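Every heavy atom of this structure was used, including side-chain atoms; hydrogens, water molecules and symmetry mates were not. None of the values given here were measured: they were computed from a predicted structure.
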Amino acid sequence: MLAVIRGMAGGLRALVAARAAALGRRLVLGALGGGMVLVGLGFLTAAVWFALRAVMSPVQVALILGLAYGGLGLVLLALARHRPTRAPVPPAAAATTGATAGAAAGDAAGDAAGFQAGLDAALGGTARDLMRDQGPVPALLGAFLIGLDLALVLRRPRKD
């Protein structure tokens, strides 16, 4: 049992290290890309300055560039503003008599009815109704995550 726990911890460490390396790579590339964009924006600003300077005074050119950058900054700040999201409304709770009867039948028969009753009790309603209200995507996503987890476990070399 201890070997299994150690194996899981080793796999978790490797997963965290891989994700940290990928995050570091993305941060470095993002910083370099952002720096290149700033250099390009500086050259574009200089080009616009020279083009407008040929037909306007320096004060007018500075005013136009300042208004353009200020307006763009205000638009970006408005887009970045936090908008609170509404909490999802939970479905109506199912009658507890059905869940109790399902639990008794599951305990007596020892089959899937007990499992379903446990889900019903934990979710505060029937699991089918909860998934039906959310659509097929959460069920498909859950199945995908289970398959992904199983694939990662099977790909990990055994150390026993």
Side-chain angles (χ1 to χ4, degrees), residues 1-47 68-160:
M1 180 70 175
L2 188 57
V4 172
I5 293 173
R6 284 185 182 156
M8 290 173 63
L12 184 60
R13 269 190 237 118
L15 179 65
V16 168
R19 285 187 179 177
L23 177 65
R25 185 173 41 254
R26 282 194 335 230
L27 286 175
V28 167
L29 291 175
L32 286 173
M36 294 293 186
V37 167
L38 285 176
V39 168
L41 192 59
F43 278 109
L44 279 174
T45 301
Y69 280 126
L72 181 64
L74 288 175
V75 168
L76 292 175
L77 285 175
L79 290 174
R81 200 177 91 203
H82 175 70
R83 292 181 184 93
T85 58
R86 295 181 183 167
V89 179
T96 57
T97 57
T100 307
D107 290 338
D111 59 11
F115 178 74
Q116 183 67 40
L119 280 177
D120 294 347
L123 296 174
T126 63
R128 280 191 204 114
D129 290 345
L130 182 66
M131 294 310 288
R132 189 177 312 124
D133 291 342
Q134 293 181 359
V137 174
L140 182 63
L141 182 62
F144 173 76
L145 291 176
I146 290 170
L148 181 64
D149 186 41
L150 181 62
L152 289 175
V153 168
L154 292 175
R155 286 184 65 188
R156 193 176 314 138
R158 296 184 82 181
K159 297 187 181 184
D160 293 342

ask   = Can Arg19 and Val16 be said to form a side-chain contact (heavy atoms from CB on, under 4.5 Å), step by step?
value = CA-CA 5 Å; Arg19 285 187 179 177; Val16 168; 5.8 Å; no
Could you give the side-chain donor-acceptor pairs of residues 37-46 under 3.5 Å, partners two or more places apart or in another chain?
unit_1, atom_1, unit_2, atom_2, d
Thr45, OG1, Leu41, O, 2.8
Thr45, OG1, Tyr69, OH, 2.1

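- For Arg25, the side chain to side chain contact (heavy atoms under 4.5 Å, CB included) partners two or more places apart in sequence, or in a different chain, are Ala22, Leu29.
- Applying the side chain to side chain contact (heavy atoms under 4.5 Å, CB included) rule to Leu74 yields no partners; only residues at least two apart in sequence or on another chain are considered.
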